[in-house]
Amino acid sequence: AQRHAEQQKHSSGSNEALFCLHDASMAVVAAMRAVPVLLLLCVSSANAGTVQSAARVTPLQKVLQLLNDMQVKGKQTKHEEEVEFAEFAQWCDSTRKATTKSIDEAKSQIEQLSADIAKAEADAEQLSTEISELDADVAQAEGELSEATAVREKEHADYSATHTDLSESIDAIERAISVLKSREGDTPQSLLQVSEMTSLPKEAKATIESFLAMSSDDGLSAPSANAYEFQSGGVVGILEKLRHKFQDQKVALQKAEMNAKANYEMLAQNLKDNIQEDKKRSTDKTATKAQRLEDAAVAKADLATTEAGKAEDEKKLADTLTACNAKSMEFEKNQVVRSEEIKAIEQAMQILQSDEVSGSADAHLPALLQASAAGGRGTALVQLLGGESPQEAQRRERLSTFLSGRAQALGSRYLALVATHAGADPFGKVKAMIKDLIVKLMEQANSEADHKAYCDTELATNKLTRENKQSEVEELSANVDKHVAESAQLTEELAMLADAFAELRKEQLEATSMRQKESATNAATVADAKAAQVAVERATKVLKDFYAKAAGGSALLQGQSGISQEMSDASKEPYTGMQSESGGIVGFLEVVLSDFARLETETSTAEDQAAAAYEKFMDESNEDIAVKETESGHKTAKKRDVDAETESLKKELELTQEELDAANVYYDKLKPDCVDNGLSYADRVHMREEEIQSLKEALNILDQQDLV
């Protein structure tokens, strides 16, 4: 019963039990000193307790201590392996995530680059076709321009020849008329030049030749003055008609030349504009084609680099997964072995601490020590009576001094407590206290090792979580800022496009208004020019008809009676109007008519050019508007996608920030229990080991005393 009570007392391991043991021992010593009768009984009881205490230091207890040390070491090694594997597993997980993300990004980039390459090559091929078409259009337009220029040069040459012929004819007729009217001697010569004109009508040519024959007949006497004047007046009338006719032909020729020239210039200008525009477009498309081919080449290089990087990441991922799986299997096997080892040690310790083993050891193993203890029964009696031998006092002083020094050096309250009891209590109780303290310190070591394993695992996991979440928060924040800036840029660009739309619409309205006003002005000018031409032609016709009729009356009479009869019968020249003045008036009217015709032609040409320029401006502006509308649509869609992505990133950032805050809160909870503020875990372990070693040395001192 006493042994069972002492075993329960040792298994408790609490400070309260130690203090109660100390109080009880002091009370027993006082009682023994006070009552002599009870002293003998207490001597017998103390002697039995001393023998039992000495019996506890057996090989079985040494085995139990070794097994306990193995258990502590096994738990510590198992914990260290768990912490190491937790860090390794975190590394495997982060590496797998980062590599998988890199591979996914590479796949997306490869798809995008492949699409970019196909698009760039398709654009280059399409641009090649368009460039060929533009070159063909340029060649065709240049051919048409060359043909039109050749035709125009031929027309101008024909015009120049005809214009020269008409001008010379009009000049000859005017000189002949002037000679006839002035009756100069070179009349036959002037009329001869007129009669030789190829464009002279047969009737007029016959009349002139008749007149020349009459004037050059040497056998006849000279006609009378009146007859000559009458005959010359008829010739003058004919010449006036011829002059008017030739002048009309000249005006019509000039008008036709002006129209042909204007038409050629407008056609040539259009062809030149088309050639210039097509060449410019061809040059731009050639540059764009070169740029697209360069884009394709750059994309191909990037594609090759991305594919190589993807292959390397895939190999890295495969190697990482293989290594991590192998390490995980090895860790699981080691953990199973270590757990079974710890369980086996615990079972062995339970078996060795059972009554079957412990009781037998207490009964049979410490026989030698019991005999020694029996021989020293007198010493124990002397100790209980308060009269120690000099050797015991020396050993007690040595033990107390040793424990006090170690307690002061280590700052250990346990060693100080044992030192106090070593100076007053019996050695048996001191040994029991030392053993209880050793067990308690070992239990504290095991408990603190488990707590350290838990803290290390949680702190390592929490640190990785906080670092990963902090990195994710920073990356997400950067992406949010990037998307917000991109959205703002797109908003600014859309505003600029809207302003460009408004400006183009405004320019179109202004151009349309100016074109309408200009068209109305040109139409009115052309109408006025046409009306003026009709009026001038009417006035010219009236004058020409009158003077032709006035001059043709005498000519008709001459045709009916013959030239010789007319010359002999006419006594006075009839009045035919102001034939000489009429020529100048008609000439002026013809100039005015030519001016109005030129005004009509130039205004029509200007109207056509202005209309063409207006159409070209409208086409270009409409094309620009269409391009900007397409660009605006793309930017609007892109802005919508960017805004949606921004909202998604903000939500993800909010969730990640919450996870980071939760990790920080959990870290704050771990710090009071897991973060060293004073002594580190290694220092505490070292100090505890020093305490245990000091207690073991003290126990050895007591064991030597028992042996003695």
Side-chain angles (χ1 to χ4, degrees), residues 70-111 303-345 449-479 649 652-653 655-667 669-671 673-675 681-682:
M70 291 175 62
Q71 184 182 20
V72 172
K73 183 178 180 181
K75 289 183 178 180
Q76 183 177 1
T77 307
K78 183 174 181 291
H79 160 66
E80 292 175 353
E81 189 177 31
E82 288 175 350
V83 173
E84 181 182 357
F85 181 76
E87 296 177 354
F88 180 77
Q90 184 66 29
W91 176 82
C92 289
D93 186 59
S94 60
T95 303
R96 178 183 58 79
K97 289 182 179 179
T99 309
T100 303
K101 181 179 179 182
S102 177
I103 292 173
D104 293 338
E105 291 176 352
K107 289 180 179 179
S108 301
Q109 190 174 3
I110 287 172
E111 293 177 358
L303 178 61
T305 303
T306 305
E307 288 177 344
K310 176 175 171 289
E312 184 178 353
D313 289 339
E314 290 175 345
K315 182 178 181 301
K316 177 182 177 181
L317 178 61
D319 295 341
T320 301
L321 292 178
T322 302
C324 291
N325 290 333
K327 186 71 173 179
S328 177
M329 294 176 63
E330 180 183 357
F331 169 74
E332 291 176 359
K333 292 179 180 179
N334 292 341
Q335 287 292 301
V336 171
V337 173
R338 294 184 188 279
S339 298
E340 292 177 352
E341 181 183 19
I342 293 172
K343 289 181 180 178
I345 293 174
D450 293 338
H451 182 69
K452 182 65 167 56
Y454 166 78
C455 287
D456 289 344
T457 302
E458 293 299 318
L459 286 174
T461 304
N462 180 261
K463 180 181 179 182
L464 290 174
T465 301
R466 287 185 289 112
E467 290 177 351
N468 292 336
K469 295 304 176 183
Q470 182 65 35
S471 177
E472 291 178 5
V473 166
E474 293 175 356
E475 183 179 358
L476 288 171
S477 299
N479 288 332
L649 289 173
E652 185 177 357
L653 175 61
L655 294 175
T656 307
Q657 184 64 48
E658 291 177 356
E659 294 175 355
L660 177 60
D661 294 339
N664 289 328
V665 171
Y666 185 59
Y667 176 70
K669 291 181 179 179
L670 290 175
K671 282 195 297 186
D673 295 332
C674 297
V675 178
Y681 173 74

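Atoms considered below: every heavy atom in the structure, side chains included; atoms not considered: hydrogens, waters and symmetry mates.
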**Student:** State whether the side chain of Thr322 and the backbone N or O of Ala318 hold a donor-acceptor pair below 3.5 Å, judged by distance alone.
**Tutor:**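 Judged by distance alone, yes, a pair lies under 3.5 Å.
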**Student:** Run the side-chain contact (heavy atoms from CB on, under 4.5 Å) test against Glu87 and tell me which residues pass, sequence neighbours left out.
**Tutor:**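 Once residues adjacent in sequence are excluded, the partners of Glu87 under the side-chain contact (heavy atoms from CB on, under 4.5 Å) criterion are Val83, Ala460.
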**Student:** In Å, rounded to the nearest 0.5 Å, how long is the span from CD1 of Ile110 to CD of Glu105?
**Tutor:**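 Here the rounded value is 12.0 Å.
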**Student:** When you look at CD of Glu312, are more than 12 heavy atoms from neighbouring residues, nucleotides or ligands closer to it than 6.0 Å?
**Tutor:**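 Incorrect, the count does not exceed 12.
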**Student:** Enter the distance from Leu653:CG to Glu658:CD here, rounded to the nearest 0.5 Å.
**Tutor:**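 Reported value, rounded in 0.5 Å steps: 10.0 Å.
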**Student:** Report the C-alpha separation of Lys316 and Asp313 in whole Å, then their side-chain angles, then the decisive distance to 0.1 Å, and conclude whether the salt bridge (Lys or Arg N to Asp or Glu O under 4.0 Å) test is met.
**Tutor:** CA-CA 5 Å; Lys316 177 182 177 181; Asp313 289 339; 5.8 Å; no
**Student:** Would you check if Glu458 and Tyr666 make a side-chain contact, meaning some heavy-atom pair closer than 4.5 Å?
**Tutor:**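 They are in side-chain contact.
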**Student:** Rounded to the nearest 0.5 Å, what separates atom OG1 in Thr465 from atom CG in Leu459?
**Tutor:**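 It comes to 11.5 Å.
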**Student:** Measure the spacing between SG of Cys455 and CG of Asp450 and express it to the nearest 0.5 Å.
**Tutor:**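 It comes to 11.0 Å.
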**Student:** Please test Thr457 against Phe85 for side-chain contact (heavy atoms from CB on, under 4.5 Å), starting from the C-alpha separation and ending with a verdict.
**Tutor:** CA-CA 10 Å; Thr457 302; Phe85 181 76; over 6 Å; no
**Student:** Whether Asp93 and Arg96 form a salt bridge (side-chain N of Lys/Arg under 4.0 Å from carboxylate O of Asp/Glu) is what I want to check.
**Tutor:**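 Salt bridge between Arg96 and Asp93, a charged N being under 4.0 Å from a carboxylate O: yes.
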**Student:** Working to the nearest 0.5 angstrom, can you tell me the gap between Leu670 CG and Asn462 CG?
**Tutor:**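 Those atoms lie 6.0 Å apart.
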**Student:** Any sub-3.5 Å donor-acceptor pair from Ser102's side-chain atoms to Ala98's backbone N or O?
**Tutor:**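 No, Ser102 side chain to Ala98 backbone: no donor-acceptor pair under 3.5 Å.
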**Student:** Do the non-hydrogen side-chain atoms of Thr99 and Thr320 ever get within less than 4.5 Å of each other?
**Tutor:**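 Contact flag for Thr99/Thr320 side chains = no.
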**Student:** Listed by chain and number, what are the side chain to side chain donor-acceptor pair (under 3.5 Å) partners of Asp661, not counting sequence neighbours?
**Tutor:**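 For Asp661, the residues satisfying side chain to side chain donor-acceptor pair (under 3.5 Å) (neighbours in sequence not counted) are Gln657.
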**Student:** Of Glu81, Lys78, Glu82, which meets side-chain hydrogen bond (donor to acceptor under 3.5 Å, both in side chains) against Asn334?
**Tutor:**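 Considering Glu81, Lys78, Glu82, a side-chain hydrogen bond (donor to acceptor under 3.5 Å, both in side chains) with Asn334 is found only for Glu81.
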**Student:** What's the verdict on side-chain contact (heavy atoms from CB on, under 4.5 Å) for Leu649 and Glu652, showing C-alpha distance, side-chain angles and the deciding distance?
**Tutor:** CA-CA 5 Å; Leu649 289 173; Glu652 185 177 357; 4.2 Å; yes
**Student:** What's the separation between atom NZ in Lys310 and atom CG in Leu303, rounded to the nearest 0.5 Å?
**Tutor:**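 Taking NZ in Lys310 and CG in Leu303, the distance rounds to 10.5 Å.
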**Student:** Can you check side-chain contact (heavy atoms from CB on, under 4.5 Å) on Asp104 and Lys101, steps first, answer last?
**Tutor:** CA-CA 5 Å; Asp104 293 338; Lys101 181 179 179 182; 5.6 Å; no
**Student:** Can we say Glu472 and Lys97 salt-bridge, meaning some charged N sits less than 4.0 Å from an Asp/Glu carboxylate O?
**Tutor:**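 No, this pair does not count.
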**Student:** Check the pair Ser328 / Phe88 against side-chain contact (heavy atoms from CB on, under 4.5 Å), numbers first and verdict last.
**Tutor:** CA-CA 9 Å; Ser328 177; Phe88 180 77; over 6 Å; no
**Student:** When you measure from the side chain of Ser477 to the backbone N and O of Val473, does any donor-acceptor pair fall under 3.5 Å?
**Tutor:**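 Yes: the side chain of Ser477 pairs with the backbone of Val473.
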